[in-house]
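Letters A, B, ... are given to chains in the order of the sequence lines, protein chains preceding strands, and every chain is numbered from 1.
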Amino acid sequence: QQQVKQSPQSLIVQKGGIPIINCAYENTAFDYFPWYQQFPGKGPALLIAIRPDVSEKKEGRFTISFNKSAKQFSLHIMDSQPGDSATYFCAASSPGGSYIPTFGRGTSLIVHP
Amino acid sequence: ETGVTQSPTHLIKTRGQQVTLRCSSQSGHNTVSWYQQALGQGPQFIFQYYREEENGRGNFPPRFSGLQFPNYSSELNVNALELDDSALYLCASSFAGTYGYTFGSGTRLTVV
């Protein structure tokens, strides 16, 4: 039973493009939605996170869009760079779940120069 | 402020053996969680420790066990290793009651 569904599995864009990664969740108790970035040989690192009381959050070139009614959220990477090539994971947490993140399956992003 | 450190970085074990992985939590954190990340998959929650007791467990069999020490460091023990246990094992620390999880770089376990 996958509580957080992530798509696409892989994504290839040219430098300057805007890759979009989508996630959907089922548990309405989730109230914190982080995105993690993982490089090969490293652990996931928190990139940006959103709470359901806002519909959008921007941090630098990274933007989260959140649709509470559809139970969906997405990550947009503006002006993508080759250094953004990594695996991206969406996750969701709730106080009732001891704040433990439940992860999506990940999206492998390649940004070509 | 030190981050989460895990040891060893790589490990090769034979099926049926036992393994112990170690994790030092980030300064100021009192909770440790362990995740298994198979190749090409997202991290799967194994269990969490708080106040030296298991505080939540994912869908993993009892041969996966752990410990948390008074200094908040932790161990993950896996008995009777199976080939499917080959994965990256991630440790994450946090402060109880908060959303901020910091991950280590993981231990790559290969079971042959």
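In this structure, the portions of B/Q41 lying under 4.5 Å from any heavy atom of chain A include both its backbone and its side chain. The contact between B/Y99 and chain A is made by backbone and side chain atoms together, counting heavy-atom distances below 4.5 Å. Residue B/N59: no heavy atom, backbone or side chain, is found under 4.5 Å from chain A. Using a 4.5 Å cut-off between heavy atoms, B/T98 touches chain A through its backbone atoms (N, CA, C, O) alone. Both the backbone and the side chain of A/I100 have a heavy atom closer than 4.5 Å to some heavy atom of chain B. In this structure, no portion of A/S108 lies under 4.5 Å from any heavy atom of chain B. Heavy atoms of B/Y35 lying under 4.5 Å from chain A belong exclusively to its side chain. If you measure heavy-atom distances from B/Q6 to chain A, you find no contacts under 4.5 Å at all. Only the side chain of A/Y36 comes within contact range of chain B, judged by heavy atoms closer than 4.5 Å.
Under a hydrophobic-cluster definition in which Ile, Leu, Val, Met, Phe, Trp and Tyr are linked whenever side-chain heavy atoms come within less than 4.5 Å, directly or via other members, B/L39 and A/F103 are assigned to different clusters. A continuous path of hydrophobic side-chain contacts links A/V13 to A/W35 [ILVMFWY only; heavy atoms under 4.5 Å]. Residues A/V111 and A/I20 do not share a hydrophobic cluster, defined by chaining ILVMFWY side chains whose heavy atoms lie under 4.5 Å apart. Hydrophobic clustering (side-chain heavy atoms under 4.5 Å, transitive across Ile, Leu, Val, Met, Phe, Trp, Tyr) groups B/V78 together with B/L21. One hydrophobic cluster holds both B/L81 and B/F64 under the rule that ILVMFWY side chains link at heavy-atom gaps under 4.5 Å.
A/R51 CZ: more than 12 foreign heavy atoms inside a 6.0 Å radius. At most 12 heavy atoms of other shown residues, nucleotides or ligands fall within 6.0 angstrom of atom CD in A/Q9. More than 12 heavy atoms of other residues, nucleotides or ligands lie within 6.0 Å of CZ in A/R61, so this atom counts as buried by the packing criterion.
The CG atom of B/L90 sits 12.5 Å away from the NZ atom of A/K42 when rounded to the nearest 0.5 Å. Once rounded to the nearest 0.5 Å, the distance linking OH of B/Y101 with OH of A/Y32 reads 10.5 Å.
You'll find the side chain of A/Y99 stays beyond 4.5 Å of the side chain of B/Q48, heavy atoms only.
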